[in-house]
Peer 1: 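Here you go, one structure.
Letters go in sequence order (proteins before strands), and every chain restarts at 1. All values derive from a computational prediction rather than experimental measurement. Just the heavy atoms: all of them, side chains too, but no hydrogens, waters or symmetry mates, feed the values below.
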2 protein chains.
Amino acid sequence: MDLVQVIKVLGDENRLRILNLLKYGELCVCEIERLLDTNQSNTSRHLNKLTLANLICYEKRALYVYYKINNKALEELLFLKELVNNELCKVEKCKADLERLNKYKNSGLSCEDLKEGKGCLKL
Amino acid sequence: MDLVQVIKVLGDENRLRILNLLKYGELCVCEIERLLDTNQSNTSRHLNKLTLANLICYEKRALYVYYKINNKALEELLFLKELVNNELCKVEKCKADLERLNKYKNSGLSCEDLKEGKGCLKL
DNA sequence: ATAATATATGAGTGAAAGCGAATATAGTAA
DNA sequence: TTACTATATTCGCTTTCACTCATATATTAT
C-alpha cells in the first residue's frame, strides 16, 4: 500500500484511537470494541483497514483475536512512529481512552468478563 | 483544526504533491496547476484545504497568489515535518514533480509565460 | 469607464467511506 | 452431534469528498 493510502487509513478518529490503545500492548476485538464504545462490526472493519495498511497485526488464540501494533511499520515510516509515540497522547479522546484502559487493566478482569457487564468498560 | 482533520487533509495525493512542491519555495496557483496537470478550480480547492489546516499560507502580490509551506506547523507537528522532509521524496509522482519543477525554474520563465504554452509545463 | 487575467466559489455528479443491522464463519464446549 | 461465542462479512443507507463546469470576485491594464 502506498503512502497516500496509509495516510488515508490514519485519517479516522476511531483508527487513531485504536493505534493509541495498542501502543501499550495487545488487545482483543471485544476489548477494543468496549473501549471505543462502538459496535463489533464497526470495530472489526477498522481493524481490518489498519491490518491491510500493515499498521497492525494479529494473532488468533482460541476464540479470540489479539491485535497489536506492527512495530516494523513504525521503524520504516518514521513519521508514523512520531505520530503514534508523541502526537496521539495530546488528543483528548486518546487520553480518556488510556484512562479507561488503565482502569480495566488494574481491575484484573479479562475480556471474558466483559460480556457480563462487569468492570469499567460497560456501556 | 484537530489532529484527525489535519491527517484527513494530508490523505490526498494532490495535496501531498502540493506540499512536496512547496518544500523548495513558494509557487503561485497557476504554476501549481500546471505542475499537477489539473485544472484551476481543483488546484484552488486543494490549496484552500491545506490553508484551512494551517499547513500552508499565502501572500497576494498583484494579480497572483503565492503559496508556501507554513513552517510553524512543521515545528509544531513533528510527524508532519518528518513526512514532508523525508517521506514525500520517496513517492514516485513527487519525484517526477520535482524534476519538472527544476526544469521550469531553470528555464528562466515566470508564471506569466505559462499561459502562452511556453516552457516545460505545457499540457 | 471597459477589458483582460488570476483566483475563488457555487452547483451538480459520481465515487468512496463510515455506519448499523443482520448474517456468515470459525472455534470451543457440552 | 448441537449449542454457544468471538470475529468477519454482506447489505443497504447516508454522508463526505474530489472533481468538472460555470460563474463570481478582485486586481491590473488600457
Peer 1: Under 4.0 Å between a side-chain nitrogen and a carboxylate oxygen: does that hold for B:R61 and B:E26?
Peer 2: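 The answer is yes: the pair qualifies as a salt bridge.
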Peer 1: Whole angstrom is fine here: how far is it from CD in B:E59 over to C1' in C:dA6?
Peer 2: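 Atom CD in B:E59 sits about 16 Å away from atom C1' in C:dA6.
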Peer 1: Do the side-chain N or O atoms of B:Y67 get closer than 4.0 angstrom to the phosphate oxygens (OP1, OP2) of C:dA8?
Peer 2: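 True: B:Y67 side-chain N/O within range (under 4.0 Å) of C:dA8 OP1/OP2.
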Peer 1: Got a sec, which residues hit side-chain contact (heavy atoms from CB on, under 4.5 Å) with A:E13, two or more places apart in sequence or on another chain?
Peer 2: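 Here the qualifying residues are A:R17, A:K93, B:V4.
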Peer 1: Classify every nucleotide of nucleotides 22-30 of chain D by which part a protein heavy atom approaches to under 4.0 Å, writing B for the base, S for the sugar-phosphate alone and - for neither, in 5'-to-3' order.
Peer 2: B---SBS--
Peer 1: Rounded to whole angstroms, how far apart are CG on A:N48 and C1' on C:dC19?
Peer 2: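 That distance rounds to 15 Å.
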Peer 1: What nucleotide among D:dC19, C:dC19, D:dA18 has an atom nearest to a side-chain atom of A:H46?
Peer 2: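 Given the options D:dC19, C:dC19, D:dA18, the side chain of A:H46 is closest to C:dC19.
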Peer 1: Examine distances only and state if a side-chain atom of A:R100 and a backbone atom of A:R34 form a donor-acceptor pair shorter than 3.5 Å.
Peer 2: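 Such a contact is found between A:R100 side chain and A:R34 backbone.
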Peer 1: Kindly check if the number of other-residue, nucleotide or ligand heavy atoms within 6.0 Å of OH (A:Y66) is above 12?
Peer 2: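 Check passes, neighbour count above 12.
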Peer 1: Are any side-chain N or O atoms of A:R15 and backbone N or O atoms of A:L50, one a donor and one an acceptor, separated by less than 3.5 Å?
Peer 2: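 Not confirmed, A:R15 side chain does not pair with A:L50 backbone.
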Peer 1: Rounded to the nearest angstrom, tell me the gap between atom OH in B:Y64 and atom C1' in C:dA8.
Peer 2: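 Rounded to the whole Å, the gap is 16 Å.
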Peer 1: Are A:K72 and A:E75 ion-paired here, with the side-chain N under 4.0 Å from a carboxylate O?
Peer 2: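 Looking at A:K72 and A:E75, the cut-off is not met.
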Peer 1: Mind listing the residues from residues 1-17 of chain B sitting with a heavy atom below 4.0 Å of DNA chain D? Number order is fine.
Peer 2: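 The stretch gives B:D12, B:N14, B:R15 as the residues lying under 4.0 Å from the strand, ordered by number.
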Peer 1: Are the side chain of A:N20 and the backbone N or O of A:L88 linked by a donor-acceptor pair below 3.5 Å?
Peer 2: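 Side chain of A:N20 to backbone of A:L88: no pair is present.
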Peer 1: Counting only side-chain N and O atoms of A:N42, is one of them less than 4.0 Å from OP1 or OP2 of C:dC19?
Peer 2: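 The answer is yes; a side-chain N or O of A:N42 sits under 4.0 Å from OP1 or OP2.
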Peer 1: Using whole Å, report how far NZ of B:K49 lies from P of C:dT7.
Peer 2: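 Result: 20 Å.
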Peer 1: Measure the distance from OH on A:Y66 to P on D:dA8 and round it to the nearest whole Å.
Peer 2: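 So the OH-P distance, A:Y66 to D:dA8, works out to 13 Å.
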Peer 1: What's the CG-C1' distance between A:D37 and C:dC19, to the nearest Å?
Peer 2: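 In whole Å, C:dC19 C1' lies 14 Å from A:D37 CG.
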Peer 1: Please lay out, stage by stage, how B:L10 and B:L80 fare under the test side-chain contact (heavy atoms from CB on, under 4.5 Å).
Peer 2: CA-CA 9 Å; B:L10 291 171; B:L80 179 63; 3.9 Å; yes
Peer 1: Once you round it to whole Å, what is the distance between P of D:dT7 and CG of A:L50?
Peer 2: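 Going from A:L50 (CG) to D:dT7 (P), I get 16 Å.
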Peer 1: Verify, without hydrogens or angle tests, whether B:Y104 (side chain) and B:C111 (backbone) share a donor-acceptor contact under 3.5 angstrom.
Peer 2: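 It does hold such a pair.
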Peer 1: Measure CG/B:N39 against P/C:dA6 and give the value in whole Å, please.
Peer 2: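 Those two atoms, CG and P, are 15 Å apart.
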